[in-house]
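Here the structure comes first, spelled out in structure tokens, and everything after it is commentary.
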Protein chains: 2
Amino acid sequence: MNLPKRADLSDTFCPVGRSAELLGDRAVLLILRDLFFGRRRFESIAVNTGLGPQLVSARLKLLEGEGVVGRHAYQDRPLRHEYRLTAKGKDLFDVLYAMRNWAEQWAYAPGETGGGPAMRYIHRACGADVGTSTACPGCGVPLGYGDLKGEPSPALSAEQAAKSG
Amino acid sequence: MNLPKRADLSDTFCPVGRSAELLGDRAVLLILRDLFFGRRRFESIAVNTGLGPQLVSARLKLLEGEGVVGRHAYQDRPLRHEYRLTAKGKDLFDVLYAMRNWAEQWAYAPGETGGGPAMRYIHRACGADVGTSTACPGCGVPLGYGDLKGEPSPALSAEQAAKSG
DNA sequence: ATAGTAACTATGATAATCATAGTGACAAGT
DNA sequence: ACTTGTCACTATGATTATCATAGTTACTAT
């Protein structure tokens with residue numbers, strides 16, 4: 001086993017503290033990101049995040065134990081599993097989306113992304129570019145899991161291609 | 001020095017990845033939480049978070065280096081500093097608030113907080129209980145840094161008192 | 001029979017964290 | 001003057017976690 005020895009979730013009554021026990025871990029965040037983007041397979045996650053297989057394995061077990069991801073067989077011979085966000089996991093959308101918004105506003109040097117955002121999001125329902133809003137600027141609907149379609153900037157898309165190729 | 005050797009922020013173009021370099025750390029998250037609650041002093045943060053002084057020191061330096069917190073002298077003899085969120089730091093409000101909302105919905109056993117949330121938030125402008133919304137349910141205004149007044153549940157308030165006493 | 005793919009596990013070196021103790025600069029009390 | 005106390009740290013050594021690399025299992029495809 002290689003689960004980090006962290007405090008029990010119930011070690012504090014503070015809600016931010018409880019979230020931090022789970023989310024205060026770079027590997028967990030990167031894996032969640034990949035799951036939100038539809039990457040469900042172990043190898044795919046390991047390659048894209050750049051994390052070693054041992055860490056990915058340990059974190060997926062942790063996430064599964066917390067009920068944030070579920071493990072589902074997608075074939076029998078040989079037996080293979082994929083990982084999917086549960087409802088509890090999908091509800092982390094707001095956290096990851098807030099992280100994305102913050103980074104778009106603060107984490108890039110001027111011009112680094114060529115003018116636009118590193119990743120542009122379009123509201124599926126109405127086609128509007130949502131910018132960094134939490135409610136669609138076109139139709140006013142609050143944004144949640146599954147509502148958005150991401151379009152990576154050329155730089156980000158090149159980076160991802162380099163990893164999988 | 002005890003700064004963790006993490007990848008450069010600019011190691012990825014993915015905005016969630018960039019945020020994760022900073023926020024994917026339990027200590028960083030707990031320190032930010034305390035700063036959002038108005039704790040500005042080293043000792044106060046160290047005691048409330050339960051982190052050792054060395055970790056607090058290392059993370060405050062990291063946060064200062066990233067421009068998320070500023071260091072300000074509050075007295076001269078002896079020279080003492082306090083830490084405050086910068087604009088870049090205050091903009092992390094949405095992330096911490098999303099973490100809080102998720103935890104309120106998923107991280108407590110039924111009845112653990114005695115019926116209500118672990119921490120209740122009131123919209124200062126109109127007095128409405130905001131629940132776990134991102135816009136005030138009373139007046140519709142989107143919620144941001146400084147808009148809310150927190151009221152800890154008895155359990156949480158007892159926990160905090162135990163730390164400082 | 002050999003190579004390939006997917007999902008891991010094992011191992012050892014390196015790095016981070018924790019618990020505990022100590023330091024420096026001063027204020028206040030005896 | 002001397003002890004005690006406060007605040008913001010720094011130092012040290014033991015414990016843990018992480019990273020890089022290699023190996024394993026169970027198959028399929030050629």
Side-chain angles (χ1 to χ4, degrees), chain A residues 1-8 11-12 20-31 34-35 39-65 69-84 163-165, chain B residues 1-8 11-12 20-31 34-35 39-65 69-84 163-165:
Chain A
M1 286 281 216
N2 198 9
L3 294 178
K5 184 196 168 190
R6 48 184 82 241
D8 263 348
D11 261 18
T12 179
E21 298 291 346
L22 183 68
L23 301 176
D25 182 295
R26 193 174 147 260
V28 163
L29 257 15
L30 296 178
I31 290 171
D34 277 21
L35 290 168
R39 266 181 212 99
R40 302 184 202 285
R41 310 266 252 256
F42 189 96
E43 275 298 307
S44 161
I45 292 169
V47 169
N48 190 261
T49 56
L51 302 168
Q54 196 174 80
L55 237 199
V56 174
S57 170
R59 290 304 184 275
L60 284 172
K61 272 176 190 144
L62 172 70
L63 258 6
E64 197 191 346
V69 311
R71 197 161 171 267
H72 304 269
Y74 67 89
Q75 69 175 36
D76 280 346
R77 263 169 311 274
L79 184 59
R80 293 273 183 272
H81 296 97
E82 62 177 23
Y83 297 88
R84 290 184 214 152
K163 282 178 195 162
S164 45
Chain B
M1 286 279 218
N2 198 9
L3 293 179
K5 183 197 167 189
R6 46 183 85 241
D8 262 348
D11 260 17
T12 178
E21 298 291 345
L22 183 68
L23 301 176
D25 182 295
R26 192 173 147 262
V28 163
L29 256 15
L30 295 178
I31 290 170
D34 277 22
L35 291 168
R39 269 184 210 96
R40 304 184 200 284
R41 310 266 252 257
F42 189 96
E43 276 298 306
S44 160
I45 292 169
V47 169
N48 189 261
T49 56
L51 301 168
Q54 196 174 79
L55 236 199
V56 175
S57 170
R59 290 306 184 274
L60 284 172
K61 270 176 192 144
L62 173 69
L63 258 6
E64 198 191 346
V69 312
R71 196 160 171 267
H72 306 269
Y74 67 89
Q75 68 175 35
D76 279 346
R77 263 170 308 276
L79 184 58
R80 295 269 184 276
H81 296 97
E82 60 176 25
Y83 297 88
R84 290 185 215 151
K163 282 178 196 162
S164 44

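Each chain gets a letter, A, B and so on, in the order its sequence line appears, and its residues count up from 1.
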ask   = With respect to B:Tyr83, which candidate in B:Glu64, B:His72, B:Arg39, B:Arg71 satisfies the side-chain hydrogen bond (donor to acceptor under 3.5 Å, both in side chains) definition?
value = B:Arg71
ask   = Is any side-chain N or O of B:Gln54 under 3.5 Å from a base N or O of C:dT20, one able to act as donor and the other as acceptor?
value = no
message = Using only atom types and a distance under 3.5 Å, with no angle test, would you say the side chain of B:Lys163 pairs donor to acceptor with the backbone of B:Asn48?
response = yes
query = Got a second to check how far A:Arg26's CZ is from A:Ile31's CD1, nearest 0.5 Å?
reply = 10.5 Å
ask   = Given atom CG of B:Asp25 and atom C1' of C:dA16, what is their separation to the nearest angstrom?
value = 10 Å
key: Donor-acceptor pair (no angle test) under 3.5 Å: A:Gln75 side chain, D:dT28 base   = no
task = Specify the separation, in whole Å, of atom CG of B:Asp76 and atom P of C:dA27.
result = 11 Å
inquiry  = When you measure from the side-chain N and O atoms of B:Tyr83 to the phosphate of D:dC9, is any distance below 4.0 Å, counting only OP1 and OP2?
reply    = yes
Upstream residue (5' side of DNA chain D) when B:Phe42 and A:Pro78 are each assigned their closest nucleotide = B:Phe42
query = How close or far is atom C1' of C:dA7 from atom CG of A:Asn48, stated in whole angstroms?
reply = 17 Å
query = Counting only N and O atoms by type, is there a donor-acceptor contact under 3.5 Å from the side chain of B:Gln54 to the main-chain atoms of B:Ser57?
reply = no
request  = Look at B:Arg26 and C:dA16 and indicate whether a side-chain polar atom (N or O) is within less than 4.0 Å of OP1 or OP2.
outcome  = no
query = Where is the tightest heavy-atom contact between B:Leu55 and B:Ala27, given as atom of each residue plus distance?
reply = CD1-CB, 4.0 Å
inquiry  = Rounded at 0.5 Å granularity, tell me how far CG in A:Leu22 sits from CG in A:Leu29.
reply    = 9.0 Å
inquiry  = Let's see if you can work this out: which of C:dT9, D:dT18, C:dA7 has an atom nearest to the side-chain heavy atoms of A:Leu55?
reply    = D:dT18
query = Within 45° of the ring axis of A:Tyr74 and under 6.0 Å from its six-membered ring centre, is that where the NZ or CZ of A:Arg40 lies?
reply = no
message = So, OP1 or OP2 of C:dT9: does either fall under 4.0 Å of a side-chain N or O from A:Ser57?
response = yes
query = Starting at CG of A:Leu51 and ending at P of D:dA20, how long is that distance when rounded to a whole Å?
reply = 10 Å
inquiry  = If you assign A:Gly50 and A:Leu79 each to the DNA chain D nucleotide with the nearest heavy atom, which residue ends up on the more 5' nucleotide?
reply    = A:Gly50
ask   = Closer than 4.0 Å, any side-chain N/O of A:Lys61 to the OP1 or OP2 of C:dA7?
value = no
request  = Look up atom CD1 in A:Ile45 and atom CG in A:Leu35, then write down how far apart they are to the nearest 0.5 Å.
outcome  = 4.5 Å
key: Spacing between A:His81 atom NE2 and D:dC27 atom P, to the nearest angstrom   = 13 Å
message = Using OP1 and OP2 only, check whether a side-chain N or O of B:Arg80 sits under 4.0 Å from C:dA27.
response = no
Nearest-angstrom distance from the residue atom CZ of B:Arg59 to P of D:dT10 = 14 Å
task = Remember a base hit wins even if backbone is also touched, and classify A:Arg77 as base, sugar-phosphate or nothing at under 4.0 Å, heavy atoms.
result = sugar-phosphate
Divergence of helical axes at both termini of the helix from C:dA1-D:dT30 to C:dT30-D:dA1 - five pairs an end, 10° steps = 10°
OP1 or OP2 of D:dC9 under 4.0 Å from side-chain N/O of B:Arg41 = no
request  = Round to a whole Å and report the spacing from CD of B:Glu43 to C1' of C:dT23.
outcome  = 14 Å
ask   = CD1 of A:Ile45 versus P of C:dA6: gap in Å, rounded?
value = 13 Å
